[in-house]
Each structure stands twice: as structure tokens, then as C-alpha cells.
Amino acid sequence: MDSNTLQKVTLNPRQQEAVLHTEGPLLILAGAGSGKTRVLTHRAAYLISQGVKPWNILAITFTNKAAAEMRERIDQIVGMGSDSIWVSTFHSLCVRILRRFIDRIGFDPSFSIYDADDQKSVMKDVCKKLEIDTKLTKERTLLAAVSRAKDELVSPEEMALNAGNDFYARRTAEAYQEYQAQLRRNNALDFDDLIMKTVELFQDCPEVLDHYQERFRYIMVDEYQDTNTAQFRLVSLLASKYRNLCVVGDDDQSIYRFRGANIRNILDFEKVFPDAKVIKLEQNYRSTANILNAANDVIRNNAGRKDKRLWTENGDGAPVHLRQFQNGFEEAEYIIGNIRSHIEKGEAEYKDHAILYRTNAQSRLFEEKLIYANIPYKLIGGVNFYARKEIKDLLAYLKTVDNGRDELAVRRIINVPKRGIGATTLARVSDYAAAYGISFYDALLRADEIPGIGRGSAKVLPFTVLIQTLRAKQGNISVSELLEAVIEETGYVKELELEATEEARARIENIDELISKIRDYDENAENPSLSGFLEEVALVADIDNLEEESNRVVLMTLHSAKGLEFPYVYMAGMEEGLFPSYMSIMADNPKEEIEEERRLCYVGITRAKKELTLTAARQRMIRGEIQYNQTSRFIREIPQECLDEKSESPAKRAREERETRKEKRREAFLEARRDFRAKPFETAPVTVTKADHLEYGVGDRVRHLRFGEGTVLEITEGRKDYEVRVNFDTAGVKKLFASFAKLKKI
DNA sequence: GGTTGGAAACTTTTT
DNA sequence: GTTTCCAACC
């Protein structure tokens, strides 16, 4: 590709400039919807056309999903050699580097990666050991302090020095130190360590740094506004030799300050790299003018931002809709009704709609209403699939097989299933391990030598025999066979089958999904290995599972929505105290915190392509208490002329009716949700699974979640699904799709 | 050593 | 309203 062909691929002048500027530092300030991924991918293609070797290019993103997307788009325009370009998230890049070189800084390359749950267990242990009263100082607070320190590349020793005579600061530093010691004993790193240790490695081993500097001569960083100090240092170290660093970001979309993102990284880029070229992309290709004006006028209220204003050649479009309701139920009902009317009129598909909210807790109401309305949806966020108990249990077996020093994993499963090994026995084992300087698991292997264990050792034996057998098999069998062996030997699924509750069934389904995920891994990974699989698992985020092909309404937090776009966007819960959150209003530095909330609002608004609807409720149940909230200040910041405001009439349904039905519905909801939720690892992009047969036929009596009982009038077989016509006793005749309706024969 | 019930805490966002 | 934790019981 030369600069002439570049003209043909419809890049605007600013975008072209960014693509053509290949040498030296470059800051691209890319407003929402301004085509930055386009620029990045074309830039990669242009670099290669100029003779740059594909393997000398590194592109860093924050999520696997973004990385996969960029990879795909680069493949499309680059063709040959594109797969040698490294497109990676910060975390997987670091893991890859550390697996190869971490022994240089005294770690074992087979380290485990600890998630938030694991971190909490470790910190709990630390508090016990240091006699920190967790009623006064929460593990969470300590972990947050540790995380912040790591984001800022502050070591435990430095933290101790900085603490001076402040008692709490000193205790925190002690906890940090002990926490690191425990991780090291378990041969584990937490998320923040992945970045910090890589920086440490680069600083301590110039030859390793040089190796990667030579490797990555051209570096691009996406979502630069979300980098923290450690990530910034990492990138600067890598780029310091050839100085070909291109960062793309939008200071107005910086929404991860709470996670350590340092907005100064983008605001001060030109100070750190005085020779940096700065290019602003302000033309928006995504939204209508009304939506854009709303966004511009909201964000304008923030101080200390880079000056820019998005514009578009698109038409005004519909006004931004604003609706206020009596409560959250009506809000949800309205939104779902609105979505349904788009579908019925044939204006849009399910997947064209996204419902965005501030907190995960708000999703439940929408889920309920969507189920009743027979609308397929995909929920992003909440409890991560890999954080579920059953999944963590099984993974802990695999981790124990993989890394015997991961004491946390061993302790997690030593009594799963129940083996009758008590706290006393475990304490003795622990003491023994400490006394002989061996790992917890190795101490278990010598259980019969441990004094004071008595019968305990007989109980430990079957466990160690199981693990040893699995270890012997490892290498000869695939990862999925290993997991199946674990399930078989432990009787994990059998036990759940015996329980026969709704919850147990859901757990079994999750396990089935884990099995298919591992099979998928075995078949598709380049070099499938147990450690490789565990690593992949540790680094996925829920958003990575959002498949564009699947036709479902999407539910997620405003944070998760960054980088996505939808024709119809609903921002729910636009209330003071909820959004902006109570926490931000009451913070020590409310100005800054509210500015962050405002950026979040800006992100939400700019997700919409065609129509944006803002909703609020006058009263809302929060933690079982009713709260009365005013509409969000952000609504008031939107100019009247882009708004179309209507107040909706009170609820049609009586409240008492809700109360009496509540219990029944809860059960039904839990059951339906289990079937309804999109499977995290659906391999085929089908949206419905047509059943082999239906358990009911014409003339049968059936029950529907919302419509109650009725008689089946007709069943027609479509290509993808059965269409069932039912005459409901109270609701009349309805046409339903079998896979969504979940009709039960009675 | 395991089970159970009730109190307490929790909710801002997550790679 | 839901989840987590802990003490008292079996």
C-alpha cells in the first residue's frame, strides 16, 4: 500500500496523516466513533508496505475482544505475514514475556495467576498472621492499597518508607510485604504483578529489555487513556530505543481511574515526548447530530480536558428520548416494550439494542422483564464464569496437578468432596511444611510422618494418590481428558446429580460448558498444555464473550460498553445517587470523582448510533430499601432542543398482585434464567437451538411463565425453530417460538 | 468435623 | 434483597 492507494480506501485527511506518520512518537486523540481502529489497522498495513517486518510490530489493547477484533481486521487488509504481528492485551503480553524470562528475577516460570478471589484468601491469611483486625481494616481496603501501589510501581519497602510514623500506613505496608511473601511461596502472581514484574525484569535485565526493544520496533497502544503508571513505564521502556510509539486514546473516555488509570499519561504525553506529533480525530461516523450534541454538552462541563468537539455529517436524527417513571419496574417495562415495538415493526433486531446501567445490581429487573417478554438477551458482567464455585473447584484440581506449590488451590479442594480432613490436621500439615521448608502439598505426601496427625493421615492418602495418579497421566492425555478424569474420580457431578435442585442443575450445566471450552482449547490452541489453558482462563474478561453474530439484546454496565456501538441505546437509572453514584458525590474530592462519572456518561451516550433513550425512576429499591432520587444532573446538562421529554403514567398493574406472585415468579425466574442466558462458550453463532422434538403436541395443555395456562392450537416447523400457537385461558391466542417460550406440558 | 440458622454487610465500576 | 460469615448445635 502506498500513499496513493491509501486515498482510495476512504480515510479522511486526519486519518491519513495518522497512518502516514510512522517514525517517532505519535499521539492520536480519537474522539468516540472517529474510526480509530480503522486508523490503527491501516497503519499496521502501511508500515508493512513500507518494508517494516510484521514481527517488529506490537499492538496492545485492554481486552481480548479488542485484540481479536484488531487481529481480524489486520488480517483482512494485510494478508501475508499478518499473523506475525503481535496483537495482545497488556496482561497476556506480560505473561508471555514472564514465562520466558521470569527466572532472571528469581521466580519459577510455571507461576500461577491469582484472581480477585484468590487474592482475598491470601490477604485474609495475611491479616490472621499479622493479627490485623479485619473488622477495622477490611481485606478489601488492604488489597486496594496493594493494587494501587503496584499500579504506581511502589514496592513494599518503599511503601514502608513512605509510611513514616503513620500507624495504619505502616500496617498496610507490612501486609503488602507479607502478601507478596505468600504469593511467592505459592509461586503465584496477581494481575498487577504481571505488569509490575515485567517492568522489574526490564529494569534489572538490560539484555532482556534489549531483546524486546529489537523485537518491537513499532508499538501501538489502544485505549491509552486507561493506562496506569506501570503500563506507561512498560511501554516507554519498550519504546525507548526506537521511539516509534503510537498511542491512541480519548481523555474524555478515561473511566478507569479507580483501577489506577492515570489520566496524566494522555494529558502529559507531549511533555514526556516533546517531539510527539499530535493528531485529533473529531469527525464522528457513528451517531446522529442530536446524540453527538448531547454528548458534547455533557462533557463540556468537565475542566482540564483536551479541547475538542465531535462533529458529524450525519443528519440530526431522532431527539434523545427522556422518560421518567414511578419506579424501576415501570422503567424496565417501558424499555422492554420499546424494544419489542421495534422488533414488531420490523425496524430492528434484538442485537441492535443495548441496555446500559451504572451498577450490575440493576440488571435483574431487566432480565425478569425480558424473560416475560420472550426476548433473548445476553448479560455481560456480574459473576465471571470462571469465578463460579463449581468451576473454581475443578480448576483448583487442575492447578494442583499443574503447580504443586499453589497452596490455595490445594486447600480449596482437599475437602471437596468431603474427605473428613479437619482444621487440626491441616494446621499440623502447615506447621510441618513450614518446619521443613517444603510446600503444603509436599507435606501432605509425607502425611504419615507428621506427628500428631493420627488417623488424619489415612484420610489424606486417597487425596494425594488421586493427584499423583493425575500427574502421572498428565502429558499422555489431553487437558479435557484430564478434567474428565477429575470429574470421574471425585464424583463431583454425581454428587450434584443427587442433589437434584435447580441450583445443582445449573452448576452441572456450567461444568458441561467448562468441558466444551477445554475441548475447544485442545482442538484449537497451537500447543495445548495444562498451563496454557489455565493461563488463558485467568486472563479472560466477561466482555470477551460477547459475540456480534448472536441476535440478543445486550445488558451491561456503562464501563463494559466502552468501545462498542449499538443502533438503539437505553441508559437506565439516570438518577442522582445512582449515576452519578452516591460514592462519587460524597467522596473527599467530589469534583474529580464526578468528572469521572461524567466521562462515563459521555461514553454511554456516544455508544448510540441511531436512537438514545435516557430513563429514570422516582423511587427505587436499593438493598431492600426504597430510595427517592432526583433525576441525574447529567440530564440537565443536555440542551433542551435535543431532548424529547415525556412523563409516563403510573403503573397499570396493581402492586398487591406483584407481591402475591413474587414467590412463584422467583422460582420460575431462576429456572428460566438458567436456560435463557446465553452460553458463555457457544461455539456456533446460532441464536436459537431448535429442539429435536417438543414435549407437547397440538391439543396439549401447557403453561407459560407470563401467559399462564393454555391449549396448543398449532405447531409449525420453521427452519430454525418451532413456532407454536397457543390459546391461553386469560391472555388469548399467542404465537411463540418454542426455544424461547419454555412451555411446560401440564 | 459438619450442618444450620440468623445476623451483618453489602454495591460503583474490572483487566 | 442477596450473599457472606460465624456461632451454636448435632
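Because the structure is a prediction, the values reported are computed rather than measured.
Here A:Tyr256 pairs with A:Phe258, A:His559 under the ring-ring contact (aromatic ring centres under 6.0 Å, His included) rule; sequence neighbours left out. Under the ring-ring contact (aromatic ring centres under 6.0 Å, His included) criterion, A:Tyr176 pairs with no residue at all, not counting sequence neighbours. Remark: A:Tyr602 pairs with no residue by the ring-ring contact (aromatic ring centres under 6.0 Å, His included) rule, at least two apart or across chains. Applying the side-chain hydrogen bond (donor to acceptor under 3.5 Å, both in side chains) rule to A:Thr141 yields no partners; only residues at least two apart in sequence or on another chain are considered. For A:Arg358, the side-chain hydrogen bond (donor to acceptor under 3.5 Å, both in side chains) partners at least two apart in sequence or on another chain are A:Glu597. With sequence neighbours excluded, the residues that form a side-chain contact (heavy atoms from CB on, under 4.5 Å) with A:Ala332 are A:Leu365, A:Phe366, A:Lys369. Residues meeting the ring-ring contact (aromatic ring centres under 6.0 Å, His included) test with A:Tyr224, sequence neighbours left out: A:Phe269. In this structure A:Ala409 satisfies the side-chain contact (heavy atoms from CB on, under 4.5 Å) test together with A:Ala396, A:Lys399, A:Thr400, A:Asp406, sequence neighbours excluded.
Atom name P, nucleotides C:dC6 and B:dT11: the rounded distance is 16 Å, in whole Å. Taking atom P in both C:dT4 and B:dT13, one finds a spacing of 14 Å when rounded to whole Å.
Sorted by first and then second residue, the salt bridge (Lys or Arg N to Asp or Glu O under 4.0 Å) pairs with a member in residues 414-432 of chain A form an empty list; sequence neighbours excluded.
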Pairwise N/O distances under 3.5 Å, protein to nucleotides 7-10 of chain C:
none

Hey, what are the protein-to-nucleotides 9-15 of chain B N/O distances that come in under 3.5 Å?
unit_1: B:dT11; atom_1: OP2; unit_2: A:Arg140; atom_2: NH1; d: 2.6
unit_1: B:dT12; atom_1: O2; unit_2: A:Arg358; atom_2: NH1; d: 2.5
unit_1: B:dT12; atom_1: O2; unit_2: A:Arg358; atom_2: NH2; d: 2.3
unit_1: B:dT13; atom_1: OP1; unit_2: A:Asn360; atom_2: N; d: 3.2
unit_1: B:dT13; atom_1: O4'; unit_2: A:Arg358; atom_2: NH2; d: 3.4
unit_1: B:dT13; atom_1: O2; unit_2: A:Arg358; atom_2: NH2; d: 2.5
unit_1: B:dT13; atom_1: O2; unit_2: A:His559; atom_2: NE2; d: 3.3
unit_1: B:dT14; atom_1: OP1; unit_2: A:Thr557; atom_2: OG1; d: 3.0
unit_1: B:dT14; atom_1: OP1; unit_2: A:Ser560; atom_2: OG; d: 3.2
unit_1: B:dT14; atom_1: OP2; unit_2: A:Asn360; atom_2: ND2; d: 3.4
unit_1: B:dT14; atom_1: O4'; unit_2: A:Arg259; atom_2: NH1; d: 3.2
unit_1: B:dT15; atom_1: O3'; unit_2: A:Phe62; atom_2: O; d: 2.2
unit_1: B:dT15; atom_1: O2; unit_2: A:His91; atom_2: NE2; d: 3.2

Between protein and nucleotides 1-5 of chain B, what N or O pairs are separated by less than 3.5 Å?
unit_1: B:dG1; atom_1: OP2; unit_2: A:Ala423; atom_2: N; d: 2.8

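Rounded to a whole Å, the CD atom of A:Gln627 is 13 Å from the C1' atom of C:dG1.
Here the CZ-CE distance, from A:Phe634 to A:Met571, works out to 9.0 Å after rounding to the nearest 0.5 Å.
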